[in-house]
Amino acid sequence: MRIKILCVGKLKEKYLRDAVAEYAKRLSRYCKLEIQEVADEKTPDDASEAEEDQIKEIEGKRLMQCIHDTDYVIALVIEGEMPDSVSFARKIEQLQIRGKSSICFVIGGSLGLSEEIRARADEQMSFSRLTFPHQLMRVILLEQVYRSFRIIRGEPYHK
């Protein structure tokens, strides 16, 4: 199975890059992991709603260029379905059973995801009603994907 993390912006902080590298190493036993970044747009401090929508559209078009027709797309949005870890693992397992060989998780920039990305998504998921920095969300997502593979295989993992 291929897991693709598609995200807006680059990780700037070393501690986040180190955490991503650690989970990528752990996940290499279970799947082919691909992390793909697209450029983010500068958002002026006093941006209007229309300007913010335009920025999300630009970032959305960049993201869309990286999504393949065969990808099962899960958009991470605060309003999405909020599974627990076991449900999340079962979802990944069911997608494998149904023959989905590529799951693409999409993490937007600081303004979120465009309507185009939301419409393309096969489902929308949230990890919390809290707002997390989009860069930290990569680490949280990778940890949960790793936890899911451990659950699927019946391997121990801390609770």
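Each residue takes its place number in the sequence, starting with 1.
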* Counting heavy atoms not belonging to Gln54, are there more than 12 under 6.0 Å from its CD? -> no
* **CD-CD distance between Glu116 and Glu57, expressed to the nearest 0.5 angstrom** =>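 Result: 8.0 Å between the selected atoms.
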* Out of curiosity, Ser114 OG to Leu63 CG, how far, rounded to the nearest 0.5 Å? -> 7.0 Å
Do [X] and [Y] have side-chain heavy atoms sitting under 4.5 Å apart?
X	Y	answer
Ile103	Arg2	no
Leu76	Leu113	no
His68	Lys4	yes
Lys32	Met1	no
Ser101	Thr70	no
Leu33	Tyr23	no
Ile107	Ile5	yes
Ile74	Val106	no

* Exercise: do Arg153 and Tyr30 side chains pair donor with acceptor under 3.5 Å ->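 Their side chains do not contain a donor-acceptor pair, so the 3.5 Å distance test is not met.
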* Side-chain donor-acceptor pair present, Ser85, Gln144, cut-off under 3.5 Å -> yes
* **Residue from Val73, Ile67, Asp71 passing side-chain contact (heavy atoms from CB on, under 4.5 Å) with Leu6** =>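 In the set Val73, Ile67, Asp71, the residue that makes a side-chain contact (heavy atoms from CB on, under 4.5 Å) with Leu6 is Ile67.
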Grab the two heavy atoms, one from [X] and one from [Y], that are nearest each other, plus how far apart they are.
X	Y	answer
Ile152	Ala89	CD1-O, 3.4 Å
Gln135	Lys10	NE2-O, 2.8 Å
Cys66	Val38	SG-CG1, 3.8 Å
Val8	Ala39	CG1-O, 4.1 Å
Ala47	Thr43	CB-CG2, 4.0 Å

So that I can tick it off, tell me whether [Y] and [X] are bridged by a salt bridge, with the cut-off set at under 4.0 angstrom between side-chain N and carboxylate O.
X	Y	value
Glu143	Arg147	yes
Glu59	Arg62	no
Lys42	Asp40	no

* Just do the salt bridge (Lys or Arg N to Asp or Glu O under 4.0 Å) check on Glu123 and Lys91 with the steps written out, would you? => CA-CA 11 Å; Glu123 63 182 275; Lys91 178 175 295 297; 3.1 Å; yes
* Asked: Does any pair with a residue in residues 96-115 pass salt bridge (Lys or Arg N to Asp or Glu O under 4.0 Å), and if so which ones, sequence neighbours excluded?
  -> none
* To do: Report the C-alpha distance between Phe149 and Ile3 in whole Å, list the side-chain angles of each, state the deciding distance to 0.1 Å, and finish with yes or no for side chain to side chain contact (heavy atoms under 4.5 Å, CB included).
  => CA-CA 11 Å; Phe149 281 110; Ile3 300 287; 4.2 Å; yes
* So Phe88 and Phe127, would you call those rings parallel, tilted or perpendicular, with 30° and 60° as cut-offs? -> perpendicular
* Asked: Under a single-linkage rule joining Ile, Leu, Val, Met, Phe, Trp and Tyr whose side-chain heavy atoms are separated by less than 4.5 Å, which residues share a cluster with Ile55?
  ->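 Members other than Ile55 - counting any ILVMFWY side chain reachable under 4.5 Å - are Leu111.
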* Asked: Taking only residues two or more places apart in sequence or in another chain, which ones pass side chain to side chain donor-acceptor pair (under 3.5 Å) with Ser110?
  -> none
